[in-house]
Visitor: 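Take this structure first; my questions come after.
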Amino acid sequence: MTTTVLKNISEIRRFFHRNEDPVYFISATNFNLLGLDEWVKNFKYICYIDCYGGKHPNVFCPSEQPHAEFQSIEDINNYLLQHKEVIDFVKRRGGKPKFVFLMFDEETERLSKELGADVWFPKAKLRQKMDNKIETVRIGNKAGVPSVPNVLAEVKDYEDLKKTCEKAGIGHDLVLQSAFGDSGHTTFFIKSEADFRRHESEIVGEGEIKIMKRIDCRGSAIEACATKEGTIVGPLMTELVGFKDLTPYRGGWCGNEILSTAFPPKVRQKARELTYKFGEQLRKEGYRGYFELDFLIDKKTGDIWLGELNPRITGASSMTNHAAFAHADAPLFLFHLLEFSKKKFNLDVEELNNRWADPEMIDGWSQMVIKHTEDSVDICTEAPETGIYKMLEDGRVVFDRFDYHRRAVESENEAFFLRILQPGDYRYEGADIGILVTRGRSMTKSFQLNERAKKWIHGIKQSVNGRPLPVAEAGPAMSDPAFKIL
């Protein structure tokens with residue numbers, strides 16, 4: 001690469017438009033970085049699940065090979081990196097490959113090195129450290145980004161928990177979180193000894209636990225990218241959490257909305273400032289690149305508290321990277337790639353952040369992650385395919401046309417659906433059916449699912465059919481929630 005310095009957005013866009021090195025996003029699906037292949041030349045997706053029935057020109061899905069049961073996204077990625085068809089595909093395309101992942105571990109790094117590829121993310125060891133919810137509190141404290149009143153402590157039993165909380169002055173209506181985990185699977189609401197007994201095995205013996213005062217709050221999400229020029233901050237999004245139409249998990253993430261009026265201007269601005277400060281502290285800790293913060297916004301006071309850090313791309317990334325500012329300037333993830341490309345660039349981050357804070361840079365979209373919510377197991381025989389759907393005047397939802405572009409949605413009566421569940425898959429409680437993306441809001445002003453969203457969810461679920469398991473088959477052992485693939 002030449003030593004010229006990229007000096008503005010136009011030059012950054014051109015740099016990626018002319019990129020020669022192959023870049024691969026390797027994951028269960030391409031959902032998190034949907035559409036990025038149109039910004040970066042030689043960008044391909046290597047996926048375990050073919051959401052497009054072979055019709056997406058930049059998605060490569062190898063044939064199924066025997067493998068141990070997957071326990072995590074890391075397992076899926078490590079399986080893909082050892083798959084002969086994947087190895088042949090990467091080698092055939094040549095160049096010096098660059099890999100990006102949603103999740104990866106030290107084994108993924110080793111397999112990537114064997115393939116001669118660079119992993120364009122901070123080291124797995126550092127990400128693992130940052131991913132610890134206890135560590136997030138400490139980084140936030142250093143950065144001046146406060147968490148909900150909390151105490152970090154090991155919990156021996158309920159009496160011990162009560163004493164710890166009395167000492168910390170946070171009351172007895174609590175939210176407990178273990179160091180790692182996601183989407184409501186390791187978040188426990190404890191108000192009584194009976195509540196504690198229900199989750200005791202997941203709390204006692206789990207090391208240091210984050211014990212928080214329970215507040216009446218709204219969830220929100222914001223993504224950013226820590227670069228050598230400073231932290232670039234995306235828009236504040238609402239979070240859909242625990243809706244029974246979408247997820248069986250209490251406190252489980254099930255979507256986002258992006259719109260300029262979701263929160264008062266003061267709250268939006270404060271969240272942006274806190275995110276910038278947190279990003280600058282991450283840089284001091286040695287972390288760089290893409291990250292996401294969850295903020296809890298107190299309904300009564302409007303106070304903003306740090307919820308958690310995800311040191312990676314997330315389920316909300318496709319919202320951030322498709323917002324109006326991304327089309328006007330560049331998707332946020334492009335700055336992550338730029339940071340790891342070692343290409344020299346000068347950027348006025350303050351000017352960029354001020355521009356992206358403009359409400360005109362945010363258009364209204366919503367995404368809902370639809371899971372099978374019934375306590376049942378069968379085999380899927382029919383599932384709606386990826387593409388554009390229409391809602392008819394009588395509320396029925398019908399397939400209109402195949403497309404893999406979210407922007408093809410023309411009105412609030414259309415939606416883009418990305419299929420996850422395939423015919424032949426087990427359909428069990430918590431299984432992902434797919435992701436539905438619509439223009440406009442999916443929630444009311446009081447943050448409940450609106451009627452239009454409920455009709456869309458019902459319409460998609462109506463299109464999924466299954467057959468009972470053969471008598472000899474017990475189905476998958478799903479005593480624990482299935483791991484999150486998004």
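Keep in mind that the numbers below use all heavy atoms, side chains included, and drop hydrogens, waters and symmetry copies. Each residue takes its place number in the sequence, starting with 1.
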Visitor: Using a cut-off of 6.0 Å, state whether more than 12 heavy atoms not belonging to Glu360 lie near its atom CD.
Guide: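 Count not over threshold, so no.
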Visitor: With sequence neighbours excluded, what pairs up with Glu374 under the side-chain hydrogen bond (donor to acceptor under 3.5 Å, both in side chains) test?
Guide: none
Visitor: How would you list, by chain and number, every residue that makes a salt bridge (Lys or Arg N to Asp or Glu O under 4.0 Å) with Asp329, sequence neighbours excluded?
Guide: Arg355
Visitor: Do Phe291 and Thr275 touch side chain to side chain, with heavy atoms closer than 4.5 Å?
Guide: yes
Visitor: Could you check whether the rings of Tyr52 and Phe402 sit parallel, tilted or perpendicular, using 30° and 60° as the cut-offs?
Guide: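 Ring orientation of Tyr52 relative to Phe402: perpendicular.
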Visitor: Among side-chain atoms of Tyr389 and Asp400, is any donor-acceptor pair under 3.5 angstrom?
Guide: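 Absent: no donor and acceptor within the cut-off.
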Visitor: Do the side chain of Asn132 and the main chain of Lys129 share a donor and acceptor less than 3.5 angstrom apart?
Guide: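 Such a contact is absent between Asn132 side chain and Lys129 backbone.
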Visitor: Can you name the one residue among Asp37, Thr29, Asn58, Asn32 that meets side-chain hydrogen bond (donor to acceptor under 3.5 Å, both in side chains) with Tyr45?
Guide: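 The passing option is Asp37.
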Visitor: For the atom pair OG1 (Thr136) and CG (Leu293), what is the distance rounded to the nearest 0.5 Å?
Guide: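 Thr136 atom OG1 to Leu293 atom CG measures 8.5 Å (nearest 0.5 Å).
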Visitor: Does a side-chain heavy-atom distance below 4.5 Å link Leu392 with Asp394?
Guide: yes
Visitor: May I ask you to decide if Leu176's main-chain N or O and His199's side chain share a donor-acceptor pair within less than 3.5 Å?
Guide: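 Side chain of His199 to backbone of Leu176: no pair is present.
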Visitor: Under the 6.0 Å and 45° cation-pi test, does Arg406 pair with Trp365?
Guide: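 Yes, Arg406 sits over the ring of Trp365.
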Visitor: Evaluate the side-chain proximity of Met237 to Glu257: yes if any heavy-atom separation is below 4.5 Å, no if none is.
Guide: no
Visitor: For the CZ atom on Arg396, are there more than 12 heavy atoms of other groups (residues, nucleotides or ligands in this structure) within a distance under 6.0 Å?
Guide: no
Visitor: What closest approach, in Å, do His405 and Phe416 show between heavy atoms, and which atom pair accounts for it?
Guide: O-CD1, 4.2 Å
Visitor: Quick one: sort the His56 and Tyr404 rings into parallel, tilted or perpendicular, breaks at 30° and 60°.
Guide: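 Tilted: the ring planes of His56 and Tyr404 meet at 30° to 60°.
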Visitor: Tell me, yes or no, whether the heavy-atom count around His17 atom NE2, taken from other residues, nucleotides or ligands under 6.0 Å, exceeds 12.
Guide: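 No.
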Visitor: Tell me, do Leu126 and Gln128 make a side-chain contact under 4.5 Å, heavy atoms counted?
Guide: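 In short, these two side chains do not touch, never coming nearer than 4.5 Å.
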Visitor: In terms of side-chain geometry, is the basic nitrogen of Arg198 or Glu193 positioned less than 4.0 Å from the acidic oxygen of its partner?
Guide: no
Visitor: Does the Arg312 side chain pair with the main chain of Phe104, one donor and one acceptor, at a distance under 3.5 Å?
Guide: no
Visitor: Pair Lys390, Glu410 - check salt bridge (Lys or Arg N to Asp or Glu O under 4.0 Å), show working.
Guide: CA-CA 10 Å; Lys390 281 196 167 164; Glu410 290 180 356; over 6 Å; no
Visitor: Give me the ring orientation class for Tyr24 and Phe89: parallel if the planes are under 30° apart, tilted from 30 to 60°, perpendicular past 60°.
Guide: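 Perpendicular.
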Visitor: Is it true that the NZ or CZ of Arg218 lies under 6.0 Å from the centre of Phe263's six-membered ring and within 45 degrees of the ring axis?
Guide: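 Because its charged atom misses either the 6.0 Å distance or the 45° angle limit, Arg218 does not stack over Phe263.
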Visitor: Hey, could you give me the NZ/CD1 distance between Lys244 and Ile457, rounded to the nearest 0.5 Å?
Guide: 14.5 Å
Visitor: Within a strict 4.5 Å, meaning less than it, do heavy atoms of the Glu412 and Thr438 side chains meet?
Guide: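 No; the side chains remain at least 4.5 Å from each other.
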Visitor: Counting only heavy atoms not in Lys455, do more than 12 fall under 6.0 Å of its NZ?
Guide: no
Visitor: Between Thr247 and Phe243 (side chain of the first, backbone of the second, donor and acceptor by atom type, cut-off under 3.5 Å), is there such a pair?
Guide: no
Visitor: Between Tyr158 and Glu200, does any side-chain donor sit less than 3.5 Å from a side-chain acceptor?
Guide: no
Visitor: Taking salt bridge (Lys or Arg N to Asp or Glu O under 4.0 Å) as the test, write out the residues that go with Asp375, two or more places apart.
Guide: none
Visitor: Looking at residues at least two apart in the chain, or sitting in another chain, which of them share a salt bridge (Lys or Arg N to Asp or Glu O under 4.0 Å) with Glu74?
Guide: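 Applying salt bridge (Lys or Arg N to Asp or Glu O under 4.0 Å) to Glu74 gives none.
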Visitor: Centroid-to-centroid, Phe70 to His67, below 6.0 Å?
Guide: yes
Visitor: Walk me through it: do Thr373 and Lys461 pass the test side-chain hydrogen bond (donor to acceptor under 3.5 Å, both in side chains)?
Guide: CA-CA 10 Å; Thr373 52; Lys461 283 188 171 180; 3.1 Å; yes
Visitor: Would you tell me whether Thr108 and Asn78 have side-chain atoms, one donor and one acceptor, within less than 3.5 Å of each other?
Guide: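 Yes, a side-chain donor-acceptor pair sits under 3.5 Å.
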Visitor: Give a yes or no answer on whether the side chain of Asp432 reaches the backbone of Ile370 with a donor-acceptor pair at less than 3.5 Å.
Guide: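 It does not hold such a pair.
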Visitor: Side chains of residues 317-324: which donor-acceptor partners sit under 3.5 Å, not counting sequence neighbours?
Guide:
residue: Ser317; atom: OG; partner: Glu223; partner atom: OE1; Å: 3.4
residue: Ser317; atom: OG; partner: Glu223; partner atom: OE2; Å: 2.8
residue: Ser317; atom: OG; partner: Thr314; partner atom: N; Å: 2.7
residue: Ser317; atom: OG; partner: Thr314; partner atom: O; Å: 3.1
residue: Ser318; atom: OG; partner: Gln367; partner atom: OE1; Å: 3.2
residue: Thr320; atom: OG1; partner: Glu223; partner atom: OE1; Å: 2.8
residue: Asn321; atom: OD1; partner: Leu332; partner atom: N; Å: 2.9
residue: Asn321; atom: OD1; partner: Phe333; partner atom: N; Å: 2.9
residue: Asn321; atom: ND2; partner: Tyr290; partner atom: OH; Å: 3.1
residue: Asn321; atom: ND2; partner: Ser317; partner atom: O; Å: 2.9
residue: His322; atom: ND1; partner: Ser318; partner atom: O; Å: 2.8

Visitor: Between the main-chain N or O of His458 and the side-chain N or O of Trp456, is there a donor-acceptor pair closer than 3.5 Å?
Guide: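 Judged by distance alone, no pair lies under 3.5 Å.
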Visitor: To the nearest 0.5 Å, what is the distance between CD1 on Ile420 and CD1 on Ile435?
Guide: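 These two atoms lie 4.0 Å from each other.
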Visitor: Take Lys91 and Asp88 through the salt bridge (Lys or Arg N to Asp or Glu O under 4.0 Å) test and state the conclusion after the steps.
Guide: CA-CA 5 Å; Lys91 290 195 168 162; Asp88 291 347; over 6 Å; no
Visitor: Is there a side-chain hydrogen bond (donor to acceptor under 3.5 Å, both in side chains) between Glu64 and Tyr48 once you walk through the steps?
Guide: CA-CA 8 Å; Glu64 182 76 11; Tyr48 178 66; 2.9 Å; yes
Visitor: Using the side-chain hydrogen bond (donor to acceptor under 3.5 Å, both in side chains) criterion, which residues pair with Trp305? Sequence neighbours excluded.
Guide: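 Counting only residues at least two positions away or on another chain, Trp305 forms no side-chain hydrogen bond (donor to acceptor under 3.5 Å, both in side chains).
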Visitor: Kindly check if the number of other-residue, nucleotide or ligand heavy atoms within 6.0 Å of NZ (Lys213) is above 12?
Guide: no
Visitor: Between the side chains of Glu114 and Arg110, is the shortest nitrogen-to-carboxylate-oxygen separation below 4.0 Å, so that they form an ion pair?
Guide: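 The answer is yes: the pair qualifies as a salt bridge.
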Visitor: Looking at side-chain heavy atoms only, is the closest gap between Val100 and Phe121 below 4.5 Å?
Guide: yes
Visitor: Knowing that exactly one of Gln177, Arg250, Lys210 qualifies, which makes a side-chain hydrogen bond (donor to acceptor under 3.5 Å, both in side chains) with Thr187?
Guide: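 Looking at Gln177, Arg250, Lys210, the match for Thr187 under the side-chain hydrogen bond (donor to acceptor under 3.5 Å, both in side chains) is Gln177.
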Visitor: Distance under 6.0 Å and angle within 45° of the ring axis: does Arg93 meet both against Phe43?
Guide: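 No, Arg93 does not lie over the aromatic ring of Phe43.
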Visitor: Taking C-beta and beyond as the side chain, do Asn77 and Phe99 meet within less than 4.5 Å on heavy atoms?
Guide: no
Visitor: Within the side chain of Ser192, is there an N or O that forms a donor-acceptor pair under 3.5 Å with the backbone of Asp195?
Guide: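 Confirmed, Ser192 side chain pairs with Asp195 backbone.
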Visitor: Got a donor-acceptor contact below 3.5 angstrom from the Arg439 side chain to the Glu414 backbone?
Guide: no
Visitor: Does Asn42 reach the main-chain N or O of Asn19 with its side chain, forming a donor-acceptor pair under 3.5 Å?
Guide: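 Looks like yes, one N/O pair under 3.5 Å.
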Visitor: For residues Trp356 and Phe325, establish whether the separation of their ring centroids is below 6.0 Å.
Guide: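 Centroid separation for Trp356 and Phe325: below 6.0 Å.
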Visitor: Would the distance check show the side chain of Asp298 and the main-chain N or O of Gly302 forming a donor-acceptor pair, the cut-off being under 3.5 Å?
Guide: no
Visitor: With the side chain counted from C-beta on, respond yes when Asp131 and Leu309 share a heavy-atom pair under 4.5 Å apart, and no when they do not.
Guide: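 SC-SC contact between Asp131 and Leu309 ruled out.
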